[in-house]
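We're numbering straight along the sequence, starting at 1.
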Amino acid sequence: MLGATALGIGGLLLVLVAMAQARDSALPSGRRDRHDTSVRVARTAMIGVSVVTMTVLLVLTVLPQFAVWALTAAVWLILITLFLSG
């Protein structure tokens with residue numbers, strides 16, 4: 001249960017990072033359109049939250065404990081790397 005909680009929190013933080021990157025990325029033409037940006041951010045959030053939800057459900061129901069902690073460690077290592085890289 002603790003591994004699923006840590007994985008869920010780390011996954012949601014990664015979703016927030018992905019949403020910020022989607023917001024900050026420029027369109028191919030170089031212009032920024034508010035509607036296109038909000039659509040990209042919403043699409044990123046929906047995909048990210050659905051992946052985190054499915055992963056946590058797999059952790060709670062099917063995956064063995066060592067796989068849970070391996071996934072949790074991988075997510076938190078990615079978060080630490082993103083944080084330290086700026």
Side-chain angles (χ1 to χ4, degrees):
M1 186 76 158
L2 181 62
T5 304
L7 181 65
I9 291 171
L12 291 177
L13 289 173
L14 284 175
V15 169
L16 288 175
V17 169
M19 288 170 61
Q21 288 179 346
R23 181 198 65 210
D24 293 341
S25 66
L27 295 173
S29 63
R31 64 179 177 81
R32 291 181 186 245
D33 185 14
R34 183 176 297 261
H35 177 70
D36 289 341
T37 302
S38 63
V39 168
R40 281 188 290 139
V41 170
R43 183 177 51 220
T44 302
M46 286 188 295
I47 292 170
V49 169
S50 64
V51 168
V52 169
T53 302
M54 294 305 281
T55 306
V56 169
L57 287 175
L58 281 173
V59 162
L60 288 174
T61 58
V62 177
L63 293 178
Q65 196 66 25
F66 72 88
V68 171
W69 286 111
L71 284 172
T72 303
V75 166
W76 284 98
L77 283 174
I78 291 169
L79 282 171
I80 290 170
T81 303
L82 287 172
F83 178 73
L84 292 176
S85 67

Can you see which heavy atom on [X] is nearest to which on [Y], and at what distance?
X     : Y     : answer
Gly10 : Val75 : C-CG1, 3.5 Å
Ala22 : Thr44 : CB-OG1, 3.5 Å
Val52 : Leu12 : CG2-N, 4.3 Å

(message) With a 3.5 Å distance limit and no angle check, can you tell me whether Thr72 reaches the backbone of Gly3 through a side-chain donor-acceptor pair?
(response) yes

Tell me whether [Y] is reachable from [X] by hopping between hydrophobic residues (I, L, V, M, F, W, Y) whose side-chain heavy atoms are closer than 4.5 Å.
X     : Y     : value
Ile78 : Ile47 : no
Leu16 : Ile9  : yes
Val59 : Val62 : yes

Any heavy-atom pair between the side chains of [Y] and [X] that's under 4.5 Å?
X     : Y     : result
Val68 : Leu7  : no
Trp76 : Leu79 : yes
Leu82 : Leu13 : no

(request) With rounding to the nearest 0.5 Å, note down the distance linking CD in Gln21 to CE in Met19. (result) 12.0 Å

